[in-house]
Amino acid sequence: MFSRYDIKALFIYSGLTLLFIYPLILAGIYYRDDLDRSITGYYGWRGLGRPFADILTRFFSASGHYNLDLFPYTMLASCIFLGASSLALSKHLIKSDIPNANMVAALLIFNPFILQNIAYRYDSLGMSIAFFLAVIAYTYKNKNLTIEIATKLIAGVLSLTLYQPCANIFIGFLAIDVMIIATKKDIKVKESITFLFKKTILFISFFLIYMLFFSPKNNSRAELIHLDQGGMEHLAKTLIALKTMVLSYLHHPVYIYFAIPLLISCVFMLVAYRTNIKHIASFILYGAFSFLIFIISLMGPTLLLQDAPVLPRTLVSFSVILVIIAIPIMHFAPRFKYAALIPVIASLAFSAQLSNAMKSQQEYEDFVFNMIAQDIATHKDIASIGTVGQLDKNERARLLIDNKPLIGYFVSPATQFLASFQLVNKGLPQTRHGYTDVDESKNQFANMINKGIKPVSSNQYYSLFIEDNAAIIYLGKINN
């Protein structure tokens, strides 16, 4: 049961989450797959091994056969579940005797990568509940061991049926616990190994249950890399791509916001253990192991997929690093506890800058597609419309992306898929589907060029080609 203290803490954590994601709510854009669902009412998560996401959305939106837009309530509800995750972490840290546990737990909220999960107005609620359930799978305690294990398994499986990568926060919490162990003077290696083994078995157990009962049998995205040289090379490329994406957030000067609290924790650890080299070595060893587990948690088992999703929305455990840095500060330098909040400045700034970039790009694309719709309206009997090429970034978005490279992973200028649904929304239902008809549009455009067909209109934003009753729109400036 929730105590009055828990309710107050949940309110505060939810409020902090709302503060963090508020720029996205204010921007109010239709982000990527939202463009499809807002027109077709399509659910589509069951086929991706996320059946509970379909059920959950049907229930909360009272939508029936069609997936109807529930924005902004999806994002507002997400605040509650992400706040509840921090509450669960705070209780876990308090039991581990971490000073200022409530402040440390709040750091879990400020993950710049999870903003992509929140940006999806149709997906955000399911993803945030998946995150919360994975946290419960790790932190839940009960005097009855059978009930505790059963609850953890059920929570873990449900998390996977909502959004698989969110289960990686379970691994992230393991990294937190290893850092907690690192700050203890009386470390017992055997107990630490037993603890790690039990948590690993639990994670593997609910993952196997999910694979047996809920994972799609013919899902091309779930194909694993081969255990040969080619597979190892593929894994290396995935790791390089992951490193590049993470470092894109730590672009100057953001890394300084992490370096300051990290330096404080290291300096005061050395001061505290200056007379005991064994304790220093133990802290470094366990701290390095904690960091290794954190790195693994960023993608978890998906790292071994041939089509590994190196995307911001899969890095749900990134904010664990803020917690890992904060724990030694609270232990060795409690007077400098507020230094642990310095990385939050970068996270809040990123949220605002990302939302401004996404909003600017949407306004620019809306302007272009209004022009295209008006242009096509002057040509009668157009039976099909295809799109090729890609729009440029607008100047405001470009400035933000150049200085905050991670934003480039979020902002995707319109291509065939993103363009087709925007054209349909402009009153052009004869537009070909951006998923299934990409090759047909490209081939038709190539045939037009080979025949020497010239665009009926052309500018720096797009070119319109027409042959008989078929139109092809080339997005961007065409090279003659």
Side-chain angles (χ1 to χ4, degrees), residues 17 21 24 31-34 36-37 42-61 67 70-71 73-86 88 108-109 111-138 152-173 203 206-211 213-216 219-222 242 297-305 307-320 409-410:
T17 309
I21 73 166
L24 283 176
Y31 186 61
R32 295 185 65 81
D33 291 356
D34 293 341
D36 180 352
R37 292 190 170 96
Y42 183 60
Y43 288 91
W45 295 300
R46 184 180 298 275
L48 300 175
R50 299 161 59 189
F52 195 51
D54 280 17
I55 298 169
L56 188 77
T57 303
R58 285 178 188 271
F59 175 77
F60 280 112
S61 65
N67 187 2
L70 199 59
F71 174 84
Y73 290 121
T74 47
M75 291 188 181
L76 292 174
S78 296
C79 294
I80 297 173
F81 287 100
L82 292 178
S85 300
S86 282
L108 186 68
I109 294 166
N111 179 357
F113 294 89
I114 210 170
L115 289 171
Q116 188 174 62
N117 305 74
I118 302 300
Y120 288 94
R121 55 171 66 197
Y122 288 87
D123 296 68
S124 57
L125 179 57
M127 289 177 172
S128 61
I129 294 176
F131 185 90
F132 170 70
L133 288 170
V135 169
I136 292 301
Y138 192 96
K152 288 182 173 182
L153 288 173
I154 292 170
V157 172
L158 287 176
S159 174
L160 289 166
T161 62
L162 281 167
Y163 187 57
Q164 297 92 335
C166 279
N168 292 336
I169 192 62
F170 185 100
I171 305 174
F173 271 46
F203 182 80
F206 68 69
F207 214 95
L208 287 176
I209 293 171
Y210 167 78
M211 294 293 290
F213 296 101
F214 299 102
S215 180
N219 185 0
S220 59
R221 293 186 180 183
L242 174 62
S297 78
L298 292 177
M299 291 191 66
T302 62
L303 190 66
L304 302 177
L305 297 177
D307 187 19
V310 187
L311 302 164
R313 62 180 177 269
T314 62
L315 271 63
V316 298
S317 66
F318 180 80
S319 54
V320 163
Y409 287 86
F410 289 75

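Basis for what follows: all heavy atoms, side chains included, without hydrogens, waters or symmetry-related copies.
Interatomic distance, Arg313 CZ to Ile114 CD1, rounded to the nearest 0.5 Å: 13.0 Å. Taking CZ of Arg32 as the start and CZ of Phe410 as the end, the distance is 12.0 Å to the nearest 0.5 Å. The CH2 atom of Trp45 sits 3.5 Å away from the OG1 atom of Thr57 when rounded to the nearest 0.5 Å. Interatomic distance, CD1 of Ile129 versus CG of Leu56, reported as 4.5 Å (0.5 Å rounding). Note that CG of Leu76 is 7.0 Å distant from CD1 of Ile21, once rounded to the nearest 0.5 Å. In this structure, Phe131 CZ and Asn168 CG are separated by 10.5 Å, a value rounded to the nearest 0.5 Å.
In summary, Asp123 and Arg50 engage in a salt bridge, as defined by a charged side-chain N under 4.0 Å from a carboxylate O.
The heavy-atom pair separating Ala167 from Leu160 by the smallest distance is CB-CD2, 3.6 Å. Contact between Ala84 and Phe132 at its shortest, heavy atoms only, is CB-CE1, 3.5 Å. Closest non-hydrogen pair, Ala134 versus Ile169, comes out as CB-CG2, 3.3 Å. Counting all heavy atoms, side chain and backbone alike, Leu162 lies closest to Gly126 at CB-O, 3.7 Å. Between Leu311 and Thr314, the shortest heavy-atom contact is O-OG1, 2.8 Å. Contact detail for Leu24 and Ala119: the closest heavy-atom pair is CD1-N, 4.1 Å.
Each of Ser86, Cys166, Ser159, Ser85 was checked for a side-chain contact (heavy atoms from CB on, under 4.5 Å) with Val135, and the lone residue meeting it is Ser85.
Listed for the Arg37 side chain is a donor-acceptor partner under 3.5 Å among the backbone atoms of Tyr43. When atom types are taken as modelled, the side chain of Thr17 and the backbone of Leu82 share no donor-acceptor pair closer than 3.5 angstrom. Using a distance-only test at 3.5 Å, with no hydrogens or angles considered, a donor-acceptor pair links the side chain of Asn111 to the main chain of Leu315. In this structure, Ser319 contributes its side chain and Leu108 its backbone to a donor-acceptor pair below 3.5 Å.
The ring pair (Phe, Tyr, Trp, His ring centres under 6.0 Å) search around Tyr163 returns none, not counting sequence neighbours. Ser78 meets the side-chain contact (heavy atoms from CB on, under 4.5 Å) test with Ile118, Ser124, Leu125, Ser128; sequence neighbours excluded. Checked against ring pair (Phe, Tyr, Trp, His ring centres under 6.0 Å), Tyr409 has no partners two or more places apart in sequence or in another chain. Ile209 pairs by the side-chain contact (heavy atoms from CB on, under 4.5 Å) definition with Leu153, Val157, Phe213, not counting sequence neighbours. Qualifying side-chain contact (heavy atoms from CB on, under 4.5 Å) partners for Arg46, counting only residues two or more places apart in sequence or in other chains: Pro51, Asp54, Ile55.
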- Message: side chain to side chain contact (heavy atoms under 4.5 Å, CB included), that's the test. Do Ser317 and Ile171 meet it? Break it down for me.
- Response: CA-CA 8 Å; Ser317 66; Ile171 305 174; over 6 Å; no
* Asked: Yes or no on side chain to side chain contact (heavy atoms under 4.5 Å, CB included) for Gln164 and Thr302, after CA distance, side-chain angles and deciding distance?
  -> CA-CA 9 Å; Gln164 297 92 335; Thr302 62; 5.7 Å; no
Evaluate the side chain to side chain contact (heavy atoms under 4.5 Å, CB included) criterion for residues Asp33 and Tyr120: first the C-alpha distance (whole Å), next the side-chain angles of each, then the deciding distance (0.1 Å), finally the verdict.
-> CA-CA 7 Å; Asp33 291 356; Tyr120 288 94; 4.2 Å; yes
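Using the six-membered ring where Trp is involved, Phe214 and Tyr210 have ring planes that are parallel, under 30° apart on the 30 and 60° scheme.
Counting only heavy atoms from C-beta outward, the side chains of Met299 and Pro309 approach each other to under 4.5 Å.
Residue pairs meeting the salt bridge (charged side-chain N to carboxylate O under 4.0 Å, His left out) criterion with at least one partner in residues 127-136, sequence neighbours excluded, are absent.
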